[in-house]
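Quick note on labels: first sequence line is chain A, next is B, and so on, each numbered from 1. Fair warning: this is a prediction, and the values are worked out from it, not measured in the lab. Only heavy atoms go into these numbers, but all of them, side chains included; no hydrogens, no water, no symmetry mates.
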Amino acid sequence: MPELPEVETVRRGLEKLIVGKKIINISSDWQKSLPITDNEINNSIKNHEIVSIGRRGKLLIIGLDNSRSLLIHLRMTGQMVYRSESYRFGAGHPNDSLIGKLPDKSTRVIMELDNGSRLFFNDQRKFGFINISENSKINQIPFLNKMGPEPLSQDFTYKIFKARMKNRANSQIKAVLLDQKVIAGIGNIYADESLWMAKIHPLKKVLEISEAKQRALYESIIEVLNTSIEKGGSTDRNYVDAEGKKGSYISFAKVFRREGKKCYRCGKTIIKIRAAGRGTHLCPNCQRI
DNA sequence: CACTTGACCTGTCCGC
DNA sequence: TGCGGACAGGTCAAGT
């Protein structure tokens, strides 16, 4: 589910809530959600303090005081929800939350902190995970070391974007945007939104996209991601932030999940097709093949 | 090399 | 009300 803006929203929430706290325990009833040995949990996680919360693409990185990091990928339906000690004694959950009492049936991992609070990793579809790495080895993880640039960093210039597009000249643009090796953090929602904003058909081959439109796409990606972070991300189904609250970007979306409705720009009907194996939304008038 | 399909899982929605 | 199939925001491996 969560793409860069959602993961960034969770990161900011966790940064406020759990940095400086010590992990007392971490446990799971689904091995694949926490593929870490008991030995490692006892030696490298328990009684260690959380010193930082980072993000790379869609991956959350919780830094510990022993040069290790917990790597968390939410995949399609993951949530990281913090609950203070008061929740154990009946405190209500936020009104704009999708979830009630925790743990619930999608809870895969529970982390207990030293102030009595708990962090719940909920993941309906069990695709996500919490793993551990030595910081010095993080860049050796294939998924991370091949990952493309962060689209919201200063280093992500138009020149870099253009060069990376050129490497994938024969591919369909939507597939390229979804490829984490090209640019980190874009998923199905923001690929569709960026392409609509830049007026590019998702099935267009990169080499068929004009210089002006490539420039527009570069700018659209940055604008769309920044706008979504401002709105706290998109809650289409499962996504909630670190406090369990929904994001509001989906109600600002221009094409995503708007099939059958009118294009805000030209009034024609938004359609849904398949591109790169994914449901893909576009305006057939603004975005011509 | 580029693209598709299947796998990993659970839940929801739609049509019969 | 029940049942089967399609589909869901991600990624990887294998096949064409």
Side-chain angles (χ1 to χ4, degrees), chain A residues 1-10 28-35 55-60 71-80 98-99 104-109 121-131 141-148 164-195 202-208 224-225 228-229 231-241 246-260 272-281:
Chain A
M1 75 178 288
E3 308 178 29
L4 188 153
E6 291 74 35
V7 179
E8 177 60 20
T9 302
V10 172
S28 176
D29 57 6
W30 185 257
Q31 235 277 117
K32 291 177 178 177
S33 298
L34 188 69
R55 178 187 60 74
R56 179 78 175 90
K58 302 173 191 171
L59 194 73
L60 270 174
L71 308 179
I72 305 175
H73 204 306
L74 305 175
R75 290 284 179 99
M76 299 283 261
T77 56
Q79 307 168 324
M80 282 296 283
L98 278 176
I99 46 186
D104 65 20
K105 64 178 172 177
S106 334
T107 299
R108 310 297 173 209
V109 181
F121 175 58
N122 269 24
D123 185 19
Q124 180 189 102
R125 290 173 72 180
K126 299 180 173 175
F127 290 169
F129 58 82
I130 298 182
N131 213 331
I141 298 169
F143 173 67
L144 270 169
N145 91 65
K146 289 181 193 151
M147 197 180 281
R164 300 189 80 82
M165 287 294 119
K166 203 175 172 186
N167 283 339
R168 298 293 301 273
N170 281 307
S171 303
Q172 295 171 349
I173 184 62
K174 168 115 184 199
V176 174
L177 291 181
L178 291 177
D179 188 341
Q180 304 299 296
K181 297 191 285 299
V182 180
I183 302 170
I186 301 174
N188 210 31
I189 299 177
Y190 304 108
D192 285 4
E193 292 293 295
S194 302
L195 288 168
L203 296 176
K204 202 101 171 159
K205 282 190 173 188
V206 169
L207 58 83
E208 294 167 346
V224 162
L225 295 175
S228 183
I229 291 172
K231 309 290 181 196
S234 300
T235 296
D236 186 30
R237 306 195 158 171
N238 298 275
Y239 168 74
V240 293
D241 70 13
K246 300 186 215 171
S248 68
Y249 181 84
I250 204 77
S251 58
F252 296 88
K254 302 298 195 291
V255 281
F256 189 78
R257 282 287 161 92
R258 292 198 67 247
E259 63 269 32
K272 185 174 179 184
I273 64 169
R274 283 198 97 70
R278 316 292 302 278
T280 298
H281 313 75

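B:dA2 atom P lies 19 Å from atom NZ of A:Lys174, rounded to whole Å. Atom-to-atom, CG of A:Leu144 to P of C:dG10 comes out at 17 Å; the value is rounded to the nearest Å. Residue A:Trp30 contributes atom CH2, which lies 10 Å from atom C1' of B:dT10 at whole-angstrom precision. A straight line from CZ of A:Arg108 to C1' of B:dT10 spans 8 Å, rounded to a whole angstrom. Taking atom CG of A:Leu178 as the reference point, atom C1' of C:dT11 lies 11 Å away to the nearest angstrom. Straight-line distance from the CD1 atom of A:Ile189 to the C1' atom of C:dC7: 15 Å, rounded to whole Å. Atom CG in A:Asn188 sits roughly 12 Å away from atom C1' in C:dC7 (whole-Å rounding).
Across C:dG10, C:dT11, B:dG11, the shortest atom-to-atom separation from the side chain of A:Gln124 is found for B:dG11. Residue A:Phe143 places its side chain closer to C:dT11 than to any other of C:dT11, C:dG10, B:dG11. When each of B:dG11, B:dA2, C:dA8 is scored by its nearest atom to the side-chain atoms of A:Ser171, the top-ranked nucleotide is B:dA2. Looking at the side chain of A:Asn170, the nearest of the listed nucleotides C:dT11, B:dA2, B:dC8 is B:dA2. Of the candidate nucleotides C:dT11, C:dA8, B:dC3, C:dT11 has the atom nearest to the side chain of A:Arg75. Closest to the A:Gln172 side chain, of the nucleotides B:dC9, C:dC12, B:dC3, is B:dC3.
To the nearest 0.5 angstrom, A:Phe256 atom CZ is 7.5 Å from A:Lys272 atom NZ. Atoms CD1 and CG, from A:Ile186 and A:Leu225 in turn, are 6.0 Å apart once rounded to the nearest 0.5 Å. Rounding to the nearest 0.5 Å places CE of A:Met80 at 3.5 Å from CD1 of A:Ile72. Distance CE/A:Met147 to CD1/A:Ile183: 12.5 Å, rounded to 0.5 Å. The CZ atom of A:Phe129 sits 7.0 Å away from atom CG of A:Leu71, with the distance rounded to the nearest 0.5 Å.
Using a 4.0 Å heavy-atom criterion, one finds that A:Gly128 contacts no nucleic acid atom at all. Nucleic acid contact for A:Lys272: sugar-phosphate only, since backbone atoms but no base atoms lie under 4.0 Å from a heavy atom of the residue. Across all strands, A:Asp236 comes closer than 4.0 Å to base atoms (heavy-atom distances).
The number of heavy atoms from other shown groups lying within 6.0 Å of NZ (A:Lys204) is above 12.
Each of A:Arg258, A:His281, A:Lys254 was compared with A:Asp192 under the side chain to side chain donor-acceptor pair (under 3.5 Å) criterion, and only A:His281 meets it.
On the P atoms, C:dG2 is 27 Å away from B:dC9, given to the nearest whole Å.
The shortest distance between the side-chain N/O atoms of A:Lys126 and the OP1/OP2 oxygens of B:dC8 is not below 4.0 Å. Applying the 4.0 Å criterion to OP1 and OP2 of B:dC8, one finds that A:Arg125 has every side-chain N and O outside that range. For B:dA2, neither phosphate oxygen OP1 nor OP2 lies less than 4.0 angstrom from any side-chain nitrogen or oxygen of A:Lys205. At the phosphate of C:dT11, OP1 or OP2 sits under 4.0 Å from a side-chain N or O atom of A:His73. One finds a side-chain N or O of A:Lys105 lying less than 4.0 angstrom from the OP1 or OP2 phosphate oxygen of B:dG11. Proximity of A:Gln180 to the phosphate of C:dG10: no side-chain N or O atom is located under 4.0 Å from OP1 or OP2. When the side-chain nitrogen and oxygen atoms of A:Thr77 are compared with OP1 and OP2 of B:dT10, none of them lie within a distance under 4.0 Å.
Evaluation of atom-type donor-acceptor distances gives no pair under 3.5 Å for the side chain of A:Arg168 against the base of B:dA2.
Here A:Phe127 does not pack flat against the base of C:dT11, since the 5.5 angstrom centre distance and 30 degree tilt limits are not both met.
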Just the dot-bracket of DNA chain B, please: which string comes out with Watson-Crick or G-U pairs under 3.5 Å, [ ] for crossing, | for another strand? .|||||||.|||||||

